[in-house]
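Notes for the one structure printed next.
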Amino acid sequence: MAIKKIGVLGAGAMGSGIAQVAAQSGLQVVLVDLEQRFVDRGVQTMLKNWDKDVSKGKISAEDKARFVGNLTTSTQNIDLKDCELVIEVVVENLDVKKRVFAELNDICPPRTVLATNTSGFSITEIAAASGRPDRVVGMHFFNPVPVMRLVEVIPGTETSDETVALAMEVCQIIGKTAIKAKEAPGFIVNRLLVPYLNDACHALQEGVASAEDIDQAMKLGANMPIGPLALCDLVGNDVLLMVAEYFYKEFGDPKFRPSLALKQKVRAGHFGVKTGKGFFDYTR
Ligand code: CAA
C-alpha cells in the first residue's frame with residue numbers, strides 16, 4: 001500500500017518528534033492531542049527544531065515551509081479517520097492505551113493500521129482491546145526522535161505480515177532503521193537500558209557517589225553520550241518508573257525492583273527535563 005497520510009495521537013516530546021520526522025519525509029501528518037495547548041506545544045517544538053536547522057543551513061526556508069504544509073493539527077480523534085497508519089503516543093498506561101485503541105477502531109476504516117509507541121507493554125494485549133488485532137503493531141521510537149535512528153517494530157501474536165511490512169516501510173520512508181523484535185517486556189533496548197538506569201538510581205540511593213559523579217563516571221569510563229541519571233531525566237522519571245514496575249511484575253525478578261530514589265523523584269513531581277527538575281535542575 002502506498003502510504004500518504006499518517007496520524008500521530010499525542011503531541012508530547014515523542015509524538016511531536018514522530019510528527020516532525022514524518023512531515024519532513026513528505027508524508028501528510030495529522031497531529032492530535034486532547035487540548036489545544038498540548039498541540040501548540042508540540043508544534044512549537046517542531047518549529048524550533050526546523051528554525052535551528054534553517055539557521056545551521058541544514059534545510060532551506062522553503063523546506064521548512066513544505067514541512068509545515070504537510071502538517072495539520074486537531075483536538076478531535078475523529079480527524080484521524082482517513083489515515084493509513086495511526087501511531088499512538090499517549091501516556092504510558094496500559095488501561096488508557098486499551099481505551100484509545102478501542103476508540104480508534106470505531107473511528108478508522110478497517111484497512112488502517114494502528115501502531116503503539118509503548119515502551120514495553122504487551123502489543124498483544126493492546127491489540128486485543130482494539131478489535132482488529134491483525135492490524136495492530138508496536139512501533140517504538142527513541143527520544144529525541146529527530147536524532148535517534150532506531151525504531152523497534154514489534155508484532156503481537158495476531159499481527160499480520162502485511163501490517164509488519166507496512167510499519168517497516170514507514171520507518172524506511174521517515175529515514176529510520178527498523179529492527180524487528182519479538183514481543184517480550186521492553187523488547188530489546190528497554191530490556192537492557194531500564195535495568196541500567198534503575199541501577200544508577202540504586203547506586204545514588206546507596207550513596208555510592210553523587211548524581212554528578214555517577215553520570216561523569218559513565219561518560220568518561222564507558223563512553224556513554226549522556227550519563228544514566230541525565231538519561232532518566234530525558235526519558236522522564238514517571239515513564240521510567242511505570243516501565244520498571246511493569247518489568248518487575250512481568251519478569252518476577254528482583255533485579256527489576258524500582259529504586260526508591262526513582263520513586264521519590266516521581267512522588268515529588270520531579271519527572272526530569274519536562275518538569276524542569278529531576279535528578280538535575282533544568283530551570284537555570
Ligand atoms: N530534538 C532535536 N534535535 C536534537 C535534540 C532534540 N531534543 N537534542 C539534540 N538534538 C540535536 C542537536 O540539534 C544537534 O544537532 P546537530 O548535530 O545538527 O548540531 C545534535 O542533536 C547533538 O546535540 P548536542 O550537541 O546539543 O548535544 P549532545 O552531543 O549531547 O547530543 C543527544 C544530544 C543526541 C540527546 C545525546 O545526549 C544522546 O545521544 N543521548 C542519549 C539519548 C538516548 O539514549 N535516547 C534513548 C532513550 S530511551 C527511549 O527513548 C525509549 C524509551 O522507551 C524510554
Side-chain angles (χ1 to χ4, degrees), residues 10-24 41-59 63-64 67 87-94 97 115-123 126 138-154 174-179 181 184-198 200-201 215-216 218-220 222-247 256 258 262 266 271-274 278-280 282:
M14 298 301 287
S16 71
I18 296 168
Q20 180 187 325
V21 294
Q24 285 168 201
R41 196 178 52 196
V43 172
Q44 283 311 317
T45 304
M46 282 183 247
L47 292 176
K48 210 173 82 197
N49 286 339
W50 285 329
D51 284 338
K52 219 160 60 185
D53 286 347
V54 171
S55 67
K56 285 179 192 162
K58 286 172 88 177
I59 61 168
D63 289 333
K64 180 192 157 188
F67 301 162
I87 305 176
E88 166 276 312
V89 202
V90 305
V91 64
E92 194 65 5
N93 176 303
L94 190 54
K97 286 185 189 290
T116 173
N117 179 56
T118 178
S119 297
F121 290 142
S122 163
I123 308 302
I126 295 170
M139 289 179 76
H140 184 218
F141 291 77
F142 295 84
N143 190 6
V145 176
V147 180
M148 306 304 282
R149 289 168 295 168
L150 176 68
V151 178
E152 290 174 317
V153 172
I154 311 103
I174 65 178
K176 300 293 180 195
T177 299
I179 291 185
F187 320 127
I188 304 168
V189 173
N190 279 344
R191 169 114 177 218
L192 303 180
L193 185 65
V194 171
Y196 159 65
L197 299 183
N198 188 41
C201 301
D215 272 25
Q216 186 74 331
M218 291 311 292
K219 286 201 285 186
L220 300 183
N223 255 5
M224 296 296 185
I226 182 174
L229 297 170
L231 189 50
C232 291
D233 286 347
L234 178 70
V235 167
N237 294 314
D238 54 333
V239 173
L240 203 56
L241 180 59
M242 267 184 272
V243 177
E245 280 170 341
Y246 182 71
F247 283 9
F256 294 104
L262 180 62
V266 175
F271 297 167
V273 177
K274 64 187 165 191
F279 290 99
F280 300 101
Y282 302 90

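Ligands are counted one by one from 1 in listed order, and the atoms in each one are counted from 1 as well. Computed from a predicted structure; not experimentally measured. By convention here, the first residue in the shown sequence is residue 1.
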**Q.** Pairwise side-chain contact, V145 with M14, heavy-atom cut-off 4.5 Å (strictly under)
**A.** yes
Q: Measure the distances from the heavy atoms of M224 to every atom of ligand 1 and state whether one is below 4.0 angstrom.
A: no
(Q) Under 4.0 Å from atom 2 (C) of ligand 1, is there at least one protein heavy atom? (A) yes
Q.
To check your reading of the model: name the closest protein heavy atom to atom 51 (C) of ligand 1, its residue, and the distance in Å.
A. F142 CD2, 3.4 Å
Q) Is atom 33 (C) of ligand 1 close to the protein, meaning a heavy atom under 4.0 Å from it? A) no
Q: Could you check which of I226, N190, V145 puts a non-hydrogen atom nearest to atom 41 (C) of ligand 1?
A: I226
Q. Within 4.0 Å of atom 30 (O) of ligand 1 (strictly less), any protein heavy atom?
A. no
Q) Among protein heavy atoms, which sits nearest to atom 54 (C) of ligand 1, and what does the distance come to when rounded to 0.1 Å? A) V235 CG1, 3.3 Å
Q) Quick one: does ligand 1 sit under 4.0 Å from the side chain of V239, the backbone, both or neither, non-hydrogen atoms only? A) neither
Q: Check ligand 1 against H140 and write out every atom of the ligand that is under 4.0 Å from a heavy-atom position of the residue.
A: 51 (C), 52 (C), 53 (O)
Q | Heavy-atom nearest neighbour in the protein, as seen from atom 4 (C) of ligand 1, with distance rounded to 0.1 Å | A | V147 CG2, 3.4 Å
Q) If you measure from atom 35 (C) of ligand 1 to every heavy atom of P144, P225, A13, P146, which option wins on shortest distance? A) P144
Q. So which of K58, M14, K48, E152 gets nearest to atom 18 (O) of ligand 1, if we judge by its closest heavy atom?
A. K58
Q) Is there side-chain contact between E152 and F141, with heavy atoms separated by less than 4.5 Å? A) no
Q. Pick from E92, E88, H140, K97: which one makes a side-chain hydrogen bond (donor to acceptor under 3.5 Å, both in side chains) with T118?
A. E92
Q: Please work out whether the ring planes of W50 and F67 are parallel, tilted or perpendicular, with thresholds of 30° and 60°.
A: tilted
Q | Heavy-atom proximity to atom 14 (C) of ligand 1, best of K56, Q20, K52 | A | K56
**Q.** D63 with K58: basic N within carboxylate O range, under 4.0 Å
**A.** no
(Q) Less than 4.5 Å apart, side chain to side chain, heavy atoms only: is that true for L47 and Q44? (A) yes
Q) Would you say atom 23 (O) of ligand 1 has a protein heavy atom nearer than 4.0 Å? A) no
Q: Mind running side chain to side chain contact (heavy atoms under 4.5 Å, CB included) on N237 and F279 for me, showing each step along the way?
A: CA-CA 9 Å; N237 294 314; F279 290 99; 3.4 Å; yes
Q) Which residue from L193, L197, N143 reaches closest to atom 48 (S) of ligand 1 through any of its heavy atoms? A) L193
Q. Below 4.5 Å, heavy atoms only, C-beta onward: do F256 and V194 meet side chain to side chain?
A. no
(Q) Quick check: do V189 and I179 have side-chain heavy atoms less than 4.5 Å from each other? (A) no
Q) Are P146 and N49 side-chain neighbours, meaning at least one heavy-atom pair lies under 4.5 Å? A) yes
Q | Protein residue, atom and distance nearest to atom 43 (C) of ligand 1, heavy-atom basis | A | M148 CE, 3.5 Å
